[in-house]
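Reading through the structure tokens given below for one structure.
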Amino acid sequence: MARVQSIPWWWLAAGAAALYLLGRAAPLTPAGWVAGAAYLAVAAALLARGLIRSRAQRFGPANAATAARSALIGLVTALVVTSLSQPVPPQLLVAVAAPALALDAVDGWLARRTHTESAVGARFDMEVDAFALLALSVGAAPLLGWWVLAIGLMRYVFVAAGWVAPWLTAQLPPRYWRKVVTAACGIALVLAASTLLPTPAAALGVAAALALLVESFGRDVIWLAREAARLRSPRSPAGRPARSWAGSARSRRQGRPGTSRNST
């Protein structure tokens, strides 16, 4: 019987060590320590469940890159929560967040290069992206206004909407534009939190990123609504596979798993 891949303990050890070193470089508040540690613990638990449920037999280099990015997001979380009650050097936040954003372009490339694409890897990547935007939006909100939280909360609101409207949970066809929008939002939020830009310029950049995110989610909602209506139509050919499954199969042939914004 094939051995199922377990949690890479080096990731947890490295994340805990990095959190300790971060606390030495910039004193964290008790809430910051708790937030950073809690993120690592919850991320590990969710990843363990995903690996077990998928019966993955190999972690792979792409997942290792995502795990490194996830550990950095844990540090960002600790800094952001600390910044809510005491000043945090903006240069330190940028130094931690910038590599996390850069690694987002590496894990997908590694997966395709090493032929180790998997559904659990895609899910891991998506969840890290979503929480990164949430943490960064919380960090930028005190500077620009709490409207910035719309960026970080949008996917989670979409997930909650799927509990009420199950058609929102259908599989979406792959679209590279989603990754571009996520990267744009992350860059805009990091620049805003860094205070490197004048406040009006930072607000304009974040507003533009929010507009892109609304367009991306809106396009997916429209696609899902049309797909649901097509499947309910009595004129829909009997036995014809749904486009959502066709999109998923097509993405597998291209070396990319199908995507769903609503995966919990």
Side-chain angles (χ1 to χ4, degrees), residues 8 10-44 61-110 124-144 148-149 151-152 179-199 201-206 208-209:
W10 61 263
W11 167 45
L12 286 178
L19 185 61
Y20 171 77
L21 293 175
L22 179 68
R24 297 294 297 254
L28 300 173
T29 61
W33 281 108
V34 170
Y39 171 85
L40 290 174
V42 172
N63 284 337
T66 307
R69 181 159 61 93
S70 180
L72 290 172
I73 297 304
L75 305 187
V76 170
T77 301
L79 287 173
V80 165
V81 172
T82 296
S83 72
L84 298 178
S85 56
Q86 71 180 38
V88 168
Q91 299 85 351
L92 183 59
L93 179 61
V94 173
V96 176
L101 295 178
L103 280 173
D104 193 22
V106 173
D107 48 12
W109 178 84
L110 277 174
F124 186 27
D125 177 61
M126 182 173 60
E127 297 298 343
V128 172
D129 283 345
F131 194 85
L133 292 186
L134 178 60
L136 291 171
S137 63
V138 171
L143 303 173
L144 302 180
V148 175
L149 287 178
I151 291 179
K179 297 291 288 184
V180 173
V181 171
T182 299
C185 289
I187 292 170
L189 289 170
V190 168
L191 288 175
S194 71
T195 68
L196 296 175
L197 296 177
T199 301
L204 182 61
V206 173

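- Thr199 meets the side-chain contact (heavy atoms from CB on, under 4.5 Å) test with Leu144; sequence neighbours excluded.
- Nearest heavy-atom pair across Ala141 and Val148 is CA-CB, 4.3 Å.
- Residue pairs meeting the salt bridge (charged side-chain N to carboxylate O under 4.0 Å, His left out) criterion with at least one partner in residues 179-190, sequence neighbours excluded, are Asp104-Lys179, Asp125-Lys179, Asp129-Lys179.
- Among all heavy-atom pairs drawn from Leu197 and Ala201, the shortest one is CB-CB, 4.4 Å.
- With sequence neighbours left out, Val181 forms a side-chain contact (heavy atoms from CB on, under 4.5 Å) with Trp177, Cys185, Leu212, Leu213, Ser216.
- Considering Leu84, Leu133, Leu189 as possible partners of Val138, the one that fulfils the side chain to side chain contact (heavy atoms under 4.5 Å, CB included) test is Leu84.
- When every heavy atom of Ala65 is checked against every heavy atom of Val106, the shortest pair comes out as CB-CG1, 4.5 Å.
- For Ala193 against Pro90, the heavy-atom pair with the smallest separation is O-CB, 4.1 Å.
- Between Leu28 and Leu79 the shortest side-chain heavy-atom distance falls below 4.5 Å.
- Among residues at least two apart or in separate chains, there is no side chain to side chain donor-acceptor pair (under 3.5 Å) pair with a member in residues 130-141.
- With sequence neighbours left out, Asp107 forms a salt bridge (Lys or Arg N to Asp or Glu O under 4.0 Å) with Arg69.
- Side-chain contact between Leu92 and Leu22 is present, with heavy atoms from C-beta onward closer than 4.5 Å.
- Within the 4.5 Å cutoff, the side chain of Val190 has heavy atoms near those of the Val94 side chain.
- Listed by chain and number, the residues in a side-chain contact (heavy atoms from CB on, under 4.5 Å) with Ala16 amount to none (sequence neighbours excluded).
- Residue pairs meeting the salt bridge (charged side-chain N to carboxylate O under 4.0 Å, His left out) criterion with at least one member in residues 16-42: none, sequence neighbours excluded.
- Looking only at distances, a side-chain donor or acceptor of Thr77 sits under 3.5 Å from a matching main-chain atom of Ile73.
- Judged as a side chain to side chain donor-acceptor pair (under 3.5 Å), and not counting sequence neighbours, Thr182 has no contacts.
- Partners of Ala67 under the side-chain contact (heavy atoms from CB on, under 4.5 Å) rule, at least two apart in sequence or in another chain, are Trp10, Trp11, Phe59, Phe124.
- Residues Val206 and Ala192 share a closest heavy-atom pair of CG2-CB, 3.9 Å.
- Using a 4.5 Å cut-off on side-chain heavy atoms (C-beta onward), Leu93 and Ser194 make no contact.
- Closest of all the heavy-atom pairs between Ser70 and Tyr39 is OG-OH, 2.8 Å.
- Atom CD1 of Ile151 and atom CG of Leu134 lie 11.0 Å apart (nearest 0.5 Å).
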